[in-house]
Structure formats: structure tokens, C-alpha cells
Amino acid sequence: MAPTLVNAAFGALLAAALLGVAFDRRSVAVVVAAAMLPDLDAVASLAVPGATNALLHAVWLPLAAGIALYWDTEIRDASRLRERAGRRGVRVAWVALAAFLVAGVGPDLFGSEGVNLLYPLADAYYLVDGGLLFSTEDGVVQTFVAFGAGGPGILPLETLGTTESYAIPMFSNPDGRPGLSPGAERELHLVRTGWQLVVVAAAVALLAVRLRWERRGGTGRADVESAGVDTAETDDDPEVTR
């Protein structure tokens, strides 16, 4: 699975791109925490067989959170979240949910270890593998989406195994099986490849620039109004205009 630091970096990039006028240290911390949250299932694997990339990587938690958030903010007559945290809180909640899926689950589903998407209702780890290239002879060739009986299906899902046959080693659980394994060698990977280091460095640099810009008052009233946030609300909430 992708190192947790890489998940956090992806979450930070999403925070910088999507938070808008709600961008500040506290909001970024919430979004980055959401991106790192799925990796906690590796700790649960010490007691639950096959929990790594399954317990918190399955679709059920973000699906339930998305339905609840949509119902509260779009369908209910009075949104409890909007009443308590304003539009800023709603935006942070949606960006955090996006970070959980895109930055937390995505790198593992499209990475090398795969994800048990339907755990515990179905027991199989899946990996989406494909490519996109331009050939001078064949033109544009992509293998992410395939149609027809001869193809692998709409998405090239590769089955890696089940919780019984497939274990993902982590620092907290080196052999991927229940038990502490006190004598096992533990490796904490911060980054595994050069491109992951580039992502982490880019996230750190972007956050440093954005936070410095915010401290200097870079978000003005025009930016607030263009983002669809009432200026009356931002006047009452200094966290939004900061």
C-alpha cells in the first residue's frame, strides 16, 4: 500500500485545491487526517484477520458518510451541519470525504497491493491496473476501460486473493496476520519511489505558500463572494476570511 505520508500529501493537495475560502490550518488538518484514516485498518489487522486494506478501505463507510452528508446538506429543510458550522463546515466535510476516497483509498486501489472493496460482504482484494499511451502505429491505446466480450470488462480489475490467502505487511503488523510478532523486522516506509517523494515535496511547498499567503490576507472579499459564500457570514466567522 502507499505509504501513509504519501496519502497525507495527496490529501494536502486536495485541501489546497478544493477548500477555497475555508482554507486554514484547522481545515487542512481535518482533510489530511481523513486521507490518512484508511491506513488505520492495518492496526486492526493485529486482531482482525485480513483487515489491512479492507476494514476502512471498503466502500461502505464513505458511501454511508456521503449519503448522510448529502441528506443533511441538500435534502433536509434545516441542515444540522450548516447550522453548527456554516457553509465553511459543509465544504470541509465534503473535501474530507473526497480526501478519504481519492487520497486514502485511491492510491491503494490503483497501486500494487489492492483493496478489499466489498469487505465483509465479499472477500476479495482487487487492483485496477491499466495504461494509456500513444503509438505511431496504433495511435492512442488505453487499457483502463475495455468493452466487448473479448476484453477484461469495463475496468481491468485484477483479483489478488482473499483475507485467508492474501496478507499485506505493514509496520504495525509485519506479517499481515493477527498477533504482535515482537521479533519480526519492521520497516516504516515514508516514500517508496521517486515520484512519491515529488508528491510529498510538492504538497509541503504548496501548503507553505498557501498558509503564508493566507497569513498576509490573500483572501479578499471578492474571492469570498466569487466562491458563493455570503459576506455577512464571513464577517461573523473570522476563520473564513482569514
Side-chain angles (χ1 to χ4, degrees), residues 7-41 53-110 115-122 126 128 144-145 154-155 157 203 206-207 210-211 213-214 218-242:
N7 298 119
F10 274 124
L13 293 174
L14 286 176
L18 301 178
L19 282 176
V21 294
F23 182 92
D24 61 15
R25 284 188 176 87
R26 184 170 59 182
S27 299
V28 171
V30 171
V31 174
V32 170
M36 299 168 62
L37 181 61
D39 281 358
L40 288 180
D41 56 20
N53 282 21
L55 188 63
L56 296 179
H57 282 71
V59 299
W60 312 119
L61 179 59
L63 181 62
I67 292 174
L69 188 57
Y70 182 80
W71 178 77
D72 180 73
T73 59
E74 301 295 332
I75 298 178
R76 288 185 66 182
D77 294 333
S79 169
R80 181 172 300 179
L81 177 60
R82 188 174 288 111
E83 288 178 352
R84 297 188 61 179
R87 294 187 182 181
R88 177 183 182 278
V90 173
R91 175 173 294 192
V92 172
W94 279 113
V95 176
L97 179 59
F100 185 97
L101 281 170
V102 177
V105 177
D108 297 324
L109 178 61
F110 291 86
V115 170
N116 199 329
L117 288 172
L118 301 178
Y119 178 88
L121 298 185
Y126 292 102
V128 179
F144 283 107
V145 180
I154 296 180
L155 286 177
L157 287 173
L206 179 57
L207 285 184
R210 280 295 308 268
L211 290 172
W213 184 69
E214 293 293 330
T219 302
R221 181 172 293 270
D223 297 319
V224 174
E225 292 175 344
S226 65
V229 180
D230 293 338
T231 55
E233 179 181 333
T234 59
D235 290 339
D236 295 334
D237 188 359
E239 292 293 330
V240 175
T241 57
R242 196 189 324 176

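Counting heavy atoms from C-beta outward, Asn116 and Asn53 have side chains that stay 4.5 Å or more apart. By the 4.5 Å heavy-atom criterion applied to side chains, Phe23 and Leu18 are not counted as neighbours.
To the nearest 0.5 angstrom, Leu118 atom CG is 14.5 Å from His57 atom NE2. Summarising the geometry, atom CZ belonging to Phe100 is positioned 13.0 Å from atom CE belonging to Met36; distances are rounded to the nearest 0.5 Å. The CG atom of Asp41 sits 4.5 Å away from atom CG of Leu56, with the distance rounded to the nearest 0.5 Å. To the nearest 0.5 Å, the span separating CG on Leu101 from CG on Leu97 amounts to 5.5 Å. The distance from atom CG of Asp24 to atom CZ of Arg88, rounded to the nearest 0.5 Å, is 4.5 Å.
For the side-chain hydrogen bond (donor to acceptor under 3.5 Å, both in side chains) condition, no pair includes a residue of residues 58-71, sequence neighbours left out.
Heavy-atom minimum distance, Val32 versus Gly11: CG2-C, 4.3 Å. Contact between Leu14 and Ala103 at its shortest, heavy atoms only, is CD1-CB, 4.2 Å. Pairing each heavy atom of Leu117 with each of Leu109, the nearest pair is CD1-CD1, 4.1 Å. Heavy-atom minimum distance, Trp94 versus Gly66: CH2-O, 3.9 Å. Pairing each heavy atom of Ala203 with each of Ala12, the nearest pair is CB-CB, 4.2 Å. Across all their heavy atoms, Gly89 and Leu81 have their closest contact at O-CD2, 4.1 Å.
Side-chain atoms of Asp72 do not come within 3.5 Å of backbone N or O of Ser79 as any donor-acceptor pair. At distances below 3.5 Å, not a single donor-acceptor pair connects side-chain atoms of Asp108 with backbone N or O atoms of Val115.
Under the side chain to side chain contact (heavy atoms under 4.5 Å, CB included) criterion, Asn7 pairs with Ala2, Asp39, Pro107, not counting sequence neighbours.
Under the 3.5 Å distance criterion, with hydrogens and angles disregarded, no donor-acceptor pair is assigned to the side chains of Ser27 and Arg91.
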